[in-house]
Every structure is written in structure tokens, then in C-alpha cells.
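Here the structure is a predicted model, which is why all the values come from computation and not from measurement.
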Amino acid sequence: MSTPQLVVPLSDADTLAQKLLAVGNSLKPVDDANYYFFEVLRELLDAAIKNFTELRRGYVTDSLNLIARASRNLLELTVFTKYVLKSGANARRFGDDRLVDGCELIIALRDLERYYDSSAPTPGLDDALRRMEDQKAAENVTATSHLETSVLAREVGMEQEFRSMNRVSSKLVHPTAWSTLAENAGRSSYPEAKDLLFATGIAYVSQIYIAVRDYNRAHGMLPLL
């Protein structure tokens, strides 16, 4: 019996990743006023490269959980990248979300601490939240809740793809009944998921590469109005 062929050969995937890295290295800020746009895109591409590395490692080591996690992350990064490329306002809003996320994270930890002991002082978390809020004020960040990826997916024309693939990958990333009981070989398993999610992750790397490459050729790192 012949050995099944990988839908996307590792050599082709590696070549694509190198192209994405080259595009990232070619990006140059236009001026100080628009440096934020360059910086946001640079970080998104860096995250895409890191998740490609994890996707590849998951395939080589036969870790379906790792493949699913990296594929889902690349889906979200594709949505974020397309959202940022639509306008400078989107890029700023996405950048602002790091502070919104930070505040939400600290508040959640503080709430948990107070749940276990309502009278317990939380000076460390209080100070961290105060500094985060001061930074929001310094950067004129007015958002009070984080961006929902599903909403952004709708804005960039990826609503159905996000809904479907996020559900598929989440079933494997989290310890669901299926991932716990049916991931290994057996009548209820789905061994093709490994190749499918690897190929899907590579498709998202390709979308990010093409979107940023074409935008940079047309506009450089000047955000759209």
C-alpha cells in the first residue's frame, strides 16, 4: 500500500513561510505619524510566522491538538490582518485592544481573588489595573470592551468560514468529549483531520501573505482612510 501524500507538501509550506517572512522584512514605515500602522502589521506577521512554526511542529510530531490550535490562531490572524488593512482607523482600534484586553485580564483575576475571599486586599492587581487605565488615558483609548473576532470576520467577508472552522478547531483544542474519547484511531475517530487542519492553516498563511504583499505593493505602509 502506498503512503498517503500530504495535501500540502512540507517543502511547499516552508517556501510559503519564507515568502511571508520576506514580505515582513520588506515592510518600511512611511513616517512617524503612520508608524503605528507598520508596527501593527509587523506584529501580526510575526505572530503568523510563529504559529506556522507551531503548525509545522504539530504535523511533524503528530499532535492534532497543536495543529488545531495553530490553525485556529492563523484563522484569527487572517481576520485581524484583513481588518487592519481596511483602514488606519481599524489599525488603531486593533492596537487599542491590547490595553482593553489587559484591563479585562486584570479585572478577571481580581474578581477571582475576591470570589475566594471578598475581604482580601489586591494591591498588586489594583496597581496593575491603575497603570493600564493610565496608559489608556494617555493614548486616548475610549473603548470599554474588546473586539469580537466573529464581528471582524463579518466585516472582512469571512463570517461563515470563521464560524465553521473555529468550531472545528475548538472541538480539538479544548478537552471536549470528542477530543477526549475519539481522537485516537477507532470507529469514531477522524484521522483525516490532521491533514485537513494543516492544509487549512497553510491556506491562512497564504491569505495573509497575499493580502499584505499586494497592499504593500499598492500603498506601502500608508494606511487607507
Any side-chain heavy-atom pair from [X] and [Y] closer than 4.5 angstrom?
X: Arg72; Y: Asn166; answer: yes
X: Leu172; Y: Asn65; answer: no
X: Arg163; Y: Glu161; answer: no
X: Met221; Y: Asn34; answer: no
X: Leu224; Y: Tyr215; answer: yes

Minimum heavy-atom distance between [X] and [Y], given as atom pair plus value:
X: Val84; Y: Asn90; result: CA-CB, 4.3 Å
X: Ser145; Y: Glu104; result: CA-OE2, 3.6 Å
X: Gly201; Y: Ser71; result: N-OG, 3.6 Å
X: Lys194; Y: Asp62; result: NZ-OD1, 2.9 Å
X: Asn51; Y: Leu77; result: ND2-CD1, 3.7 Å
X: Phe198; Y: Arg56; result: CE1-CA, 4.1 Å

_Criterion side-chain contact (heavy atoms from CB on, under 4.5 Å) on Leu197 and Leu64, from CA distance to verdict_ = CA-CA 9 Å; Leu197 288 172; Leu64 185 55; 4.3 Å; yes
[X] side, atom [atom1]; [Y] side, atom [atom2] - distance, nearest 0.5 Å:
X: Lys50; Y: Asn73; atom1: NZ; atom2: CG; value: 12.0 Å
X: Leu105; Y: Arg98; atom1: CG; atom2: CZ; value: 14.5 Å
X: Gln207; Y: Ile210; atom1: CD; atom2: CD1; value: 8.0 Å
X: Leu21; Y: Ile49; atom1: CG; atom2: CD1; value: 5.0 Å
X: Glu76; Y: Met158; atom1: CD; atom2: CE; value: 10.5 Å
X: Glu39; Y: Glu43; atom1: CD; atom2: CD; value: 6.5 Å

*asked:* Applying salt bridge (Lys or Arg N to Asp or Glu O under 4.0 Å) to Arg130 and Glu133, what does each step give before you reach the verdict?
replied: CA-CA 5 Å; Arg130 185 163 45 251; Glu133 289 175 337; over 6 Å; no
Spell out, yes or no, whether [X] and [Y] are grouped together once hydrophobic residues are joined by side-chain heavy atoms under 4.5 Å, including indirect joins.
X: Leu20; Y: Leu75; value: yes
X: Val205; Y: Leu85; value: yes
X: Val173; Y: Leu66; value: no
X: Val156; Y: Leu44; value: yes

*Derivation of the salt bridge (Lys or Arg N to Asp or Glu O under 4.0 Å) call for Asp127 and Arg131*: CA-CA 6 Å; Asp127 180 64; Arg131 287 185 282 109; 3.0 Å; yes
_Going by side chain to side chain donor-acceptor pair (under 3.5 Å), name the residues that satisfy it together with Asp134, two or more places apart in sequence or in a different chain._
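Asp134: no side chain to side chain donor-acceptor pair (under 3.5 Å) contacts found.
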*For Gln18, side chain to side chain donor-acceptor pair (under 3.5 Å) partners two or more places apart*: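 Partners of Gln18 by the side chain to side chain donor-acceptor pair (under 3.5 Å) criterion come out as none, since no residue qualifies.
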_Holding to side chain to side chain contact (heavy atoms under 4.5 Å, CB included), I want the full list of residues that pass it with Ala108, two or more places apart in sequence or in another chain._
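Testing Ala108 for side chain to side chain contact (heavy atoms under 4.5 Å, CB included), a comparison that skips the adjacent residues, returns none.
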_Partners meeting side chain to side chain contact (heavy atoms under 4.5 Å, CB included) with Ala17 (sequence neighbours left out)_ =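 Ala17 satisfies side chain to side chain contact (heavy atoms under 4.5 Å, CB included) with Phe52 once adjacent residues are dropped.
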*Step by step, work out the side-chain contact (heavy atoms from CB on, under 4.5 Å) result for Val8 and Leu16.*
CA-CA 11 Å; Val8 180; Leu16 177 60; over 6 Å; no
*For salt bridge (Lys or Arg N to Asp or Glu O under 4.0 Å), just list the numbers for Arg42 and Asp46, CA-CA rounded to whole Å, side-chain angles, deciding distance to a tenth of an Å, and then say yes or no.*
CA-CA 6 Å; Arg42 180 184 60 183; Asp46 185 56; over 6 Å; no
*Under the ring-ring contact (aromatic ring centres under 6.0 Å, His included) rule, what pairs show up with a residue in residues 68-109, not counting sequence neighbours?*
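Passing the test, one end in residues 68-109: Phe80-Phe94.
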*For Leu10 and Val60, what are the C-alpha separation, side-chain angles and deciding distance, and is it a side-chain contact (heavy atoms from CB on, under 4.5 Å)?*
CA-CA 9 Å; Leu10 286 176; Val60 171; 4.2 Å; yes
*Test item: Ser206 side-chain N/O and Ile202 main-chain N/O as donor-acceptor pair under 3.5 Å*: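 No; judged by distance alone, with no hydrogens or angles, the pair does not exist.
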*Is the count of non-hydrogen atoms from other residues, nucleotides or ligands lying under 6.0 Å from Lys171 atom NZ greater than 12?*
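No, the 6.0 Å shell around NZ holds no more than 12 heavy atoms from other groups.
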*Apply side-chain contact (heavy atoms from CB on, under 4.5 Å) to the pair Arg213 and Ser26, showing each step before the final yes or no.*
CA-CA 9 Å; Arg213 180 201 64 187; Ser26 73; over 6 Å; no
*Kindly state each residue pair satisfying side-chain hydrogen bond (donor to acceptor under 3.5 Å, both in side chains) with at least one member in residues 107-118, sequence neighbours excluded.*
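The answer is Arg110-Asp126, Asp117-Ser119.
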*So, is the end of the Lys28 side chain (NZ or CZ) under 6.0 Å from the ring centre of Phe38 and within 45° of the ring's axis?*
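No; the conditions do not both hold, so Lys28 does not lie above the ring face of Phe38.
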